[in-house]
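Accompanying notes for the structure given below.
Computed over heavy atoms, backbone and side chain alike; hydrogens, waters and symmetry mates excluded. Order of the sequence lines fixes the chain letters, A, B, ..., with proteins taken first and strands second; residue numbering starts at 1 for each chain.
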Amino acid sequence: MAKELSFRFPLPHGLHARPASLLRDAAGSFQSAITLTNRRNDLEANAKSTLALVATLTRQGDECTLLIAGGDEPAAAEALRRFISVELPLCDDAPPAVPAAQGSSPLPRALRGEGVRVHRGVAASGGIGRAPALLAARWKGGPDLANREKGSPEAEFAKLEWAFVEAGAALRARRAAAANNTERAVLNAHLAILEDVELKAKIADQIHGNRAGAGQAVAAVVEHFAAVLRDSGSAVLAERALDLCDVEQLLIRALDPGTARDDRIALERDAVVVAQTLSPAQFIALDTTRLKGLVLARGGATSHTVILARARGVPCVTGVGEAVRTLRDGQEVVVDGERGLLVADPSGAVSEFYDAENDALRTLRERAERTAARDAATSDGRRIEVAANVSSLAEVQDALAAGAEGVGLFRTELLFMDRAEAPSEDEQAEVFAAAARLAGARSVIIRTLDIGGDKPIPYLDLPEERNPFLGFRAIRTYAENPDIVAAQIRACLRASAFGNVKIMFPMVSSLDDVRTLRGLVAAQMESLVAAGVPFDRDIGVGVMVEVPSLAFVMDQVAREVDFCSIGSNDLLQYLLAVDRDNQRVAHLYKPFEPAFLRALAAVCDGAHACGRWVGLCGELGGDLLAVPLLVGLGLDEISVGCARVSAVKSAIAGCATPKCRQLLESAMRQETAADVEALLRAFAATRAERSLLDEDLVRLRSSRRTKDEAIRELVGLLRTAGRVGDPDLVEDAIWQREEAYSTGVGFSVAIPHCKADGVLATSIAVASYPGGVEWGSLDGSPVTMAILIAVRASDPGETHLRTIAALSRKLMDDAFRASLLAAASAAEVVALLRSAVEAS
Amino acid sequence: MNIVAVTACPTGIAHTYMAAERLEKAARRLGHTIKVETQGAMGIENELSADDIAHADVVILAAGIAVRNRDRFEGMRIVEVPVQDAIKDPERVVAGLGT
């Protein structure tokens, strides 16, 4: 008797690739035939095929049914029911960020000149590229597959089987040679398409049912799915049609190398490639050392091709449309991937503008790299490690490249998901050892399996529970799965021979737990010693502090562990008894609740009293507003998502320990979370206000000769210091002010200024011009010093405005101006300006 | 002579304060008493009181924009100059008031 499950589709972005592949995973491990039917449009799909699922065009709110028929119906129905109610609603990832529509912002000043040929598109991948254009030939239809000689259906199917094997091998070979993790991920997506059950089944139908040749069948089926994607109404899905075409090409090439189109683009010299569209495989095949930029007539910012371009740092503008037809092969072009512009035949002024842009971008990049490479420390010199939370080996690599000072949390659950049996000791040891090698002397904290009834793992036999977060999960399941736990602990120990590995246990709630777990580790150590397997006998064994009980017994627990790491997400949810995935109570999940801050302080103080190292590995660590509090807590390490590492490092660098301690004390005495948040905002504001100017913002003896160049240079100083977000907007605002009347106030000084949205921090920049710059001054004299005042449009900061007013008055003083003009160094200029303001 | 003045400029960031500074110094150098109200980014500062205005012989408005609360000066002698003039040559502005 078949089973049927009905549900309303919950996700706002519909059944796109990610939820579809998760549903496929959930359905794929059962024998039963499982069919999804969308009642809105009556489209049906084999639930074991991602392609077919996506092709049902299921949208939020659609009534759907899953029909399950086969030997393991009850188990499949139970697993899918759970998937639909628990996992599916949570599995929507954020929609990809789509840049602002083209044509929205004004052109930079330098490009508004007459005769400048600018085309607008979508800024798909940042950077500026300049080279002769290479127009990719438009592919004019394929060979006539229908009229090719073909064998019997059996012979054609045999050819097809072979082609799938060859295509798979070709993809795996490309994946092995992938230049980065993004390329690997895209090639994995292509493999998933190739291995989709419905793709092959439909092609086989064409061969057997329609007597199509193998190549013809492949083309027909790919076109069917590609058309569904193109017509789906979703830009993201439509762009995935190109991936299907790549897989098609692989199959066709494997079937008959002679019929495959050769769509590779050979670069014999530096070039900007201009094409109608470009598939991911075509991009991967390009010689990126010669590829200076990419211009696509069609497409947006979410195709795999664009994602690959970003990973390679290739500037890319898409959606320029018919403009590509106006270009000639070999014509010099600039691809402005920052603003989404294509500029043909860059002339003198435009060239200069883009040279300056390139310099500015390089400085910004170098600055970011230097910050990333630097170890984090507070302004008073206290080291705080900023590590990363990861779930895979690939992420370890990304994290270290992003400047992480180790791995603060290696989640091991991913190793256990989507498979029929637990990973072996060898498999895990290999992953952990590779992570340890990558990290070198930096620590890699491996968290042992943290799984409960909320995640279906067939071989763990975890019951579905009413309340899995208070139930049978994490270390509580270890006694029932001794082999799995032993294998994981042994894998960690073995990896410790290759680097600085630490073991961390989740969900520990008492000293009893600690002792039991240390016993498990000790037993495996003995067994490894007996077997003569090398490992680090002093390996750190610690606990994740997430059950609130530990905060009250830190004096006892800390004595018996080597370190603690606060899992702030769960600690908060347990402490406040709030499930933040429950929409009706999620608003109560407040990390700035004074009770929570006191719990954090109890853990830190307790651990430190025993001389133990304490870290934090929850989302709170990545909240820049909270960083001063975390510094005040005295944490030794903060572990955050890879993308937050460098921001947290800079935030720490701006913190002074004593002030942060006072802040924490005061925060803990507040009565509500809102009070704490207000306190933190005020603290952040005063910190941000401290520096109105510094030496980086002073350029003495500049060789700029025109007002245009001088203003661009001053704004550039603010931009490279991260004080200005959108330099074009700021320049425009300054010029708008100049139009009222020149800010050349006489005495050879100019005070250009603006209040603009593009200003991130109210700032002053200074430049001197020995050669003089014509500014249209009130007294007609050329300017030898310009002081740029950029004020943030929202919340400019009262103190700053006061300082600027005082400075403006002071500049009217002859002696002060003379000393400024005579200053020999940037430091002297800054000191003069500061003392002038303080004295007033 | 008792002078009251108001300075203001388009963004209220710099010229308002430069002009105030210049007028104050020039007036004192020429032997007058002066009080200058600034209408800038921080709002109205050093606001002229009814008493200040009652005792004033003349009002200088050095502004590139409309001056707020202008009706306070009704019936008084008002000299209006561009704010940049007050910066460029404040002594001429003051001297031009006559005695």
Side-chain angles (χ1 to χ4, degrees), chain A residues 692 733-747 749-756 759 762-764 775-781 786-817 836-837 840, chain B residues 3-30 32 34-48 60-68 80-96:
Chain A
L692 191 59
I734 290 168
W735 277 101
Q736 210 178 344
R737 170 62 194 83
E738 293 292 330
E739 273 156 25
Y741 49 89
S742 170
T743 60
V745 292
F747 337 104
V749 171
I751 307 182
H753 54 271
C754 73
K755 190 169 174 182
V759 179
T762 299
S763 307
I764 293 176
W775 210 278
S777 296
L778 300 181
D779 61 359
S781 65
I787 299 171
L788 171 68
I789 302 168
V791 175
R792 194 165 63 176
S794 59
D795 188 20
E798 176 82 17
T799 327
H800 280 343
L801 289 176
R802 207 162 286 289
T803 306
I804 291 165
L807 186 62
S808 302
R809 285 175 179 268
K810 191 73 187 171
L811 280 169
M812 298 296 98
D813 181 305
D814 298 337
F816 177 66
R817 278 198 314 275
V837 170
S840 62
Chain B
I3 307 171
V4 290
V6 177
T7 60
C9 65
T11 57
I13 289 170
H15 287 67
T16 303
Y17 306 99
M18 292 191 285
E21 182 75 13
R22 295 280 281 168
L23 285 176
E24 284 166 8
K25 286 210 168 128
R28 278 175 206 136
R29 214 160 26 231
L30 294 173
H32 306 294
I34 188 168
K35 180 169 177 184
V36 185
E37 172 180 307
T38 52
Q39 299 188 355
M42 287 175 296
I44 294 177
E45 289 183 298
N46 200 31
E47 187 168 3
L48 300 174
I60 301 175
L61 301 182
I65 53 166
V67 168
R68 279 176 280 174
E80 288 190 68
V81 295
V83 66
Q84 53 270 46
D85 284 9
I87 296 170
K88 190 170 139 196
D89 199 346
E91 303 197 358
R92 202 165 119 197
V93 171
V94 174

Self-check item: Aromatic ring pairing His15(B)/His753(A), orientation class (parallel under 30°, perpendicular over 60°, tilted between)
Solution: tilted
Practice problem: Identify which part of Leu778(A) has an atom lying under 4.5 Å from any heavy atom of chain B, answering side chain, backbone, both or neither. | Solution: both
Quiz item: For Ser777(A), is it the side chain, the backbone, both, or neither that has a heavy atom closer than 4.5 Å to a heavy atom of chain B?
Solution: neither
Quiz prompt | Heavy-atom proximity to chain A below 4.5 Å, by part of Thr16(B) | solution = neither
Practice problem: Could you tell me whether the side chain of Glu37(B) reaches within less than 4.5 Å of the side chain of Val4(B), counting heavy atoms only? | Solution: no
Quiz item: Given side chains that start at C-beta, do those of Glu738(A) and Trp775(A) come closer than 4.5 Å, heavy atoms only?
Solution: yes
Quiz item: What are the two closest non-hydrogen atoms of Glu24(B) and Arg809(A), and how far apart are they?
Solution: OE1-NH1, 3.3 Å
Quiz item: Checking Arg737(A) against chain B: side chain, backbone, both or neither under 4.5 Å from a heavy atom?
Solution: side chain
Quiz item: So what's closer than 4.5 Å to chain B heavy atoms on Ala805(A): side chain, backbone, both or neither?
Solution: both
Quiz prompt | Closest contact, heavy atoms only, Cys754(A) versus Val759(A) | solution = SG-CG2, 4.5 Å
Quiz item: With a 4.5 angstrom heavy-atom cut-off, which part of Val745(A) approaches chain B: side chain, backbone, both or neither?
Solution: both
Practice problem: Select one option (side chain, backbone, both, neither) describing which atoms of Ala19(B) are under 4.5 Å from chain A's heavy atoms. | Solution: neither
Quiz item: Looking only at heavy atoms, which of residues 84-93 of chain B get nearer than 4.5 Å to chain A?
Solution: Gln84(B), Ile87(B), Lys88(B)
Quiz item: Tell me, do Leu807(A) and Leu692(A) make a side-chain contact under 4.5 Å, heavy atoms counted?
Solution: no
Quiz item: How close do Leu48(B) and Ala5(B) get, heavy atom to heavy atom, and via which atoms?
Solution: CD1-O, 3.8 Å
Practice problem: With a 4.5 Å cut-off on heavy-atom pairs, point out which of Leu801(A), Ile751(A), Asp779(A) contacts chain B the most. | Solution: Leu801(A)
Quiz item: Quick one: are Phe747(A) and Leu811(A) in side-chain contact, heavy atoms under 4.5 Å?
Solution: no
Quiz item: Below 4.0 angstrom, N of the basic side chain to O of the carboxylate: do Arg802(A) and Glu45(B) qualify?
Solution: yes
Self-check item: Any Asp813(A) side-chain heavy atom under 4.5 Å of Lys25(B) side chain
Solution: yes
